[in-house]
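Below: the structure, in structure tokens.
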Amino acid sequence: GVEPHPDGLLVAQAGGWSLTDWDGKEHPRQDLLGSRLLALAMHPSGTLWACAKSGNGCLIGELSAEGELRHGWSLPEPVSAFRWDAKGKAVYALAPEAGDILLMQPGSSSVRRLASLPRGGGSLGGLALDGEGGVWTTQLDGWSLARFDAEGNLDQMIGLPVPSPTDLCFGGEDGTLLFITSARHALQLETLASAPNSGCLMQMQT
């Protein structure tokens with residue numbers, strides 16, 4: 001997981017947490033969740049939220065200084081990514097094993113399935129939200145990315161020149177430029193021959 005921090009970038013990996021400052025220096029921090037960590041997301045207010053393994057499922061909550069997850073949700077399946085909307089009124093999460101995009105709202109313990117993608121088209125990878133309430137996700141081994149509207153209806157399916165797009169985020173001056181990362185190392189040589197751009201960072205104007 002990587003999230004912005006006032007002093008740089010907060011990075012969580014298998015070896016523990018660290019803060020990489022704006023000069024590129026790494027500062028180790030207390031490893032709060034260890035191997036239980038599944039994903040990170042920043043609330044619009046600046047508080048850090050995390051998703052951690054719990055039994056057969058996971059917990060999503062605000063991460064305290066003691067490493068506890070508070071004010072969140074318990075899910076019966078693992079989550080690979082989650083994001084707050086810009087107003088802090090909704091959380092979107094990916095459950096790749098079921099192929100579901102989940103929706104949760106503060107003040108309610110319920111978890112709603114917003115949308116699903118069939119497993120035959122690949123597994124859910126990255127997650128990003130646009131300014132119009134759209135939910136974007138990449139499909140690992142699916143050569144594509146998808147956009148769902150705020151009601152969970154499939155709005156767009158866009159083919160990509162790589163089989164395993166891993167994550168995506170919006171940037172640019174007006175926030176409409178989509179950046180897409182992709183995987184390379186796990187691909188077979190035959191696949192790489194037909195997708196030489198695997199591993200590259202791509203961009204698309206939405």
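Position 1 is the first residue of the sequence; numbering continues from there.
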(request) Return yes if a side-chain donor-acceptor contact under 3.5 Å exists between Trp22 and Asp7, otherwise no. (result) no

(message) I'd like to know if the side chain of Ser116 pairs up with that of Asp100 as donor and acceptor (distance under 3.5 Å, no hydrogens or angles considered).
(response) yes

(message) Could you tell me if Gln139 and Ser144 have a donor-acceptor pair between their side chains, going purely by distance under 3.5 Å?
(response) yes

(message) Can you confirm whether more than 12 heavy atoms, excluding those of Arg113, are under 6.0 Å from its CZ atom?
(response) no

(message) Given 3.5 Å as the limit, does a donor-acceptor pair link the side chain of Asp85 with the main chain of Ala90, or not?
(response) yes

(request) Take atom CD of Glu132 as the centre, draw a 6.0 Å sphere, and report whether it contains more than 12 heavy atoms from other residues, nucleotides or ligands. (result) no

(message) Taking CG in Asp174 as the centre, count heavy atoms belonging to other residues, nucleotides or ligands within less than 6.0 Å. Is the count above 12?
(response) yes

(message) Side-chain heavy atoms nearer than 4.5 Å, only ILVMFWY residues, links allowed to pass through others: does that put Ile101 and Val111 together?
(response) no

(message) Would you compute the distance between atom CD of Gln105 and atom OG of Ser110 and round it to the nearest 0.5 angstrom?
(response) 7.5 Å

(request) Find the distance between SG (Cys169) and CG (Leu177) and round it off to the nearest 0.5 Å. (result) 9.0 Å

(message) Starting from Trp143, can I reach Met202 by hopping between I/L/V/M/F/W/Y residues whose side chains sit under 4.5 Å apart?
(response) no

(message) Parallel, tilted or perpendicular, judged at 30° and 60°: which one describes the rings of Trp73 and Trp84?
(response) tilted

